[in-house]
Amino acid sequence: MTLYQRYPVYLTNSLSGKKEKFETLTPGFVGMYVCGPTVYNYVHLGNTRTFLSFDVIFRYLRFIGYKVRYVRNITDVGHLENDADEGEDKIGKKARLEQLEPMEIVKRYTEDFHTVMRQFNILPPSIEPSATGHIVEQINITKKLLDLGLAYEVNGSVYFDVKKYNQSHHYGILSGRNIEDLIESGRTLDSQDEKRDKIDFALWKKASPQHIMRWPSPWGEGFPGWHIECTVMSTKYLGETFDIHGGGMDLKFPHHECEIAQATSANGKSPVHYWIHSNMLTVNGQKMSKSLGNSFLPSELFSGNHKLLEKGYSPMTVRFFMLQSHYSSTLDFSNEALNAAEKGFKKLSNALSSVKKMRLTKNSSNPELEKSLLHQIDRCFINMSDDFNTAKTLAVLFEMASQINTLAGAKEIILSENVFEKFKSTYLSMMEDVLGLTEESGGNHELLNGTVNVLINLRKKVRADKNFALSDRIRDDLKAIGIQLKDGKDGEMSYEIES
RNA sequence: GGUUCCGUGGCCGAGUGGCUAGGCUGAGCUCUGCAAAAGCUCCUACAGCGGUUCGAAUCCGCUCGGAACCUCCA
């Protein structure tokens, strides 16, 4: 029996708005697509939260025994400033502003994105396709939609006919809207707009003479629209129907709605079984976004070099901070909360390092304690399988950490070996493999380690001689430069570098 | 205006009908030569008003407050 059979996953499907039992299309296999970044600028902390949420989902599904193909794209063309006639491609615009080739822009910000992902210990996806690598497929599906009569061409641009689609399907099924409301509200049409209806969206745009990014097509030189890339790439690597499609809440409409319309039209079937949307990171209750100017770059957060920050916080502190809330809730960002997270994470991290060193004294049954340990192990999985509830899982890990500290401080550990090992390995793997929370080295060099050990040995000697004045001085002086000595019960000493 | 969501103790943040969230902060105790770390104990909330129910933070209605989407945004 696999872990996923023992602890079946339930997740909130945005399509139904309900928590549903997770049943994969192919037993044991999961296909998951997540909308990646548009690489026209540095990723900010809000963007990072989404990728972190799906990283944990990916990690957990894998951990409980699924074979997961995780596709996360890079959008390097086609994301328009707006969908009106004069809409400019985001990459193209940045290239113009910075006087660089579009591919230079793409390269720079893709690398930044990857660096940030590594810093936060976010695993790379199985496949990371780019939109420009799939121009041919995007042209093909556009042709197909034209042939089906669900798209129309105007002056070298092709648009999706939402009203026509809505005659046989429900456009707005995901975001709970109906087409009449959409037509009534929203922005008015630009007079020179080529679209038949303002809710139609571009599949292919004609490139104006000054437009840098352009490819030949049956409709002349142009570039693909924003939504079509995800349909093409998800279909190509995961099939016409796949298990999970994720992304930030703000992509639900129109981006994901358009994906559903295109894919359903082109393939004759609904593309996705479970839609998962992660919620926004907020600052003072407002969404963190570039346009509002309240966004943080990860590097600013690490260094503390930002007007809203009192100090810097490590990547793992931030990762822990984000995992304390559920992915579907908004999370408010503040110095106070980060400070609390820093201390909380340190506690878990210390327990992680002691659990690695912990050894059994005697292999013998201890029913009462074992029952409690097994219960904690069980709850880790139950909580994670319940819509990937990292907050609840962390609560159990804190209990386990207390247990670990108690055991580590005990004279002897008497337990059945299999329970002991299971307990250790669950704490370890929940922390490191599932939640991706690893110990931070804190610049722990060999030379420094040796030097501190010289002082520790010296202090042991003077302590044995009851020369407490000197013993305290060694400790205080080290403390002053950021090294905290800790005296163990057995006369052993350890140290910790404070940030 | 339309669609959706939220309002939990000093702070952050889980929790969807009865059973302890958890972290941080604060107070006290234990251990320790003294610290630090660790362990234990305490501080017991659910925006307001009504309703359903034996019983509601949890369901329903209204009021107040806040947010997201409807235009690019993870």
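Atoms considered below: every heavy atom in the structure, side chains included; atoms not considered: hydrogens, waters and symmetry mates.
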Under the 3.5 Å rule, do the base of [N] and the side chain of [X] count as making a donor-acceptor pair?
X	N	result
A:Asp181	B:C70	no
A:Asp472	B:G33	yes
A:Arg475	B:A35	yes

Legend entry - Comparing A:Phe320 and A:His255 on RNA chain B - which has the more 5′ nearest nucleotide: A:Phe320

Legend entry - Whichever of A:Leu45 and A:Gly344 has its nearest RNA chain B nucleotide further upstream toward 5':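 Between the two, 5'-proximity favours A:Gly344.
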
For the [atom1] atoms, the ones on [N] and on [M], what distance do you get once it is rounded to whole angstrom?
N	M	atom1	answer
B:C24	B:C62	C1'	37 Å
B:U41	B:A35	P	22 Å
B:G22	B:G13	C1'	8 Å
B:G9	B:G51	P	25 Å
B:G48	B:U30	C1'	45 Å
B:A37	B:A27	P	14 Å
B:G18	B:C11	P	26 Å
B:U8	B:U3	C1'	26 Å

For [N], give its Watson-Crick or G-U wobble partner with both distances under 3.5 Å, or none.
N	value
B:A45	none
B:C59	B:G51
B:C40	B:G28
B:G7	B:C64
B:U16	none

Legend entry - Residue-phosphate contact under 4.0 Å: A:Asn279 side-chain N/O, B:A74 OP1/OP2: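 Negative; the distance criterion is not met.
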
Could you tell me how far apart [X] ([atom1]) and [N] ([atom2]) are, to the nearest whole angstrom?
X	N	atom1	atom2	value
A:Lys357	B:A37	NZ	C1'	12 Å
A:Gln403	B:C40	CD	P	9 Å
A:Glu399	B:A14	CD	C1'	13 Å
A:Phe345	B:C12	CZ	C1'	18 Å
A:Asn389	B:G23	CG	P	16 Å
A:Asn350	B:A36	CG	C1'	12 Å
A:Leu251	B:C70	CG	P	10 Å
A:Lys287	B:C6	NZ	P	18 Å

What is the nucleic acid contact for [X], judged by heavy atoms within less than 4.0 Å: base, sugar-phosphate only, or nothing?
X	answer
A:Asn405	sugar-phosphate
A:Leu281	base
A:Arg459	base
A:His326	sugar-phosphate
A:Met280	base
A:Leu485	base
A:Ala391	base
A:Lys479	nothing
A:Ser329	sugar-phosphate
A:Gly409	nothing
A:Ser402	sugar-phosphate

Legend entry - Close side-chain approach of A:Ser349 to A:Met316, heavy-atom, < 4.5 Å: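 The answer is no; the side chains never approach within 4.5 Å.
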
Any idea which of [options] is nearest the [X] side chain?
X	options	value
A:Lys343	B:U25, B:A38, B:C72	B:U25
A:Gln286	B:U16, B:A68, B:C69	B:A68
A:Asp332	B:G15, B:A37, B:G13	B:G13
A:Asp487	B:G33, B:A67, B:G13	B:G33
A:Arg463	B:G13, B:G33, B:A74	B:G33
A:Phe398	B:G23, B:U16, B:C34	B:G23
A:Glu336	B:C69, B:A74, B:C11	B:C11
A:Thr406	B:G39, B:C34, B:G22	B:G39
A:Ser291	B:C69, B:G13, B:C72	B:C72
A:Trp226	B:A14, B:A38, B:C72	B:C72

Could [X] and [Y] be called an ion pair, given the rule that one side-chain N must be under 4.0 Å from one carboxylate O?
X	Y	result
A:Glu496	A:Lys486	yes
A:Lys205	A:Asp89	no
A:Asp55	A:Arg319	yes

Quick one: is the NZ or CZ of [X] closer than 6.0 Å to the six-membered ring centre of [Y], and within 45° of its axis?
X	Y	answer
A:Arg72	A:Phe51	yes
A:Lys90	A:Tyr40	yes
A:Arg177	A:Phe253	yes

Inset, instruction - Mind listing the closest non-hydrogen atom pair of A:Leu397 and A:Met430 along with its distance? - result: CD2-CB, 3.9 Å

Inset, instruction - Check A:Thr12, A:Asn279, A:Asp387, A:Thr50 against A:Tyr327 for a side-chain hydrogen bond (donor to acceptor under 3.5 Å, both in side chains) and give me the one that passes. - result: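 Exactly one pass, corresponding to A:Asp387.
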
Legend entry - Partner of A:Phe160 under ring-ring contact (aromatic ring centres under 6.0 Å, His included), chosen from A:Tyr171, A:Trp226, A:Phe201, A:Trp204: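 It is A:Phe201, the one option of A:Tyr171, A:Trp226, A:Phe201, A:Trp204 that forms the ring-ring contact (aromatic ring centres under 6.0 Å, His included) with A:Phe160.
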
Inset, instruction - Determine if A:Phe468 stacks with B:G33; use a centre-to-centre distance below 5.5 Å and an interplanar angle below 30° as the criteria. - result: yes

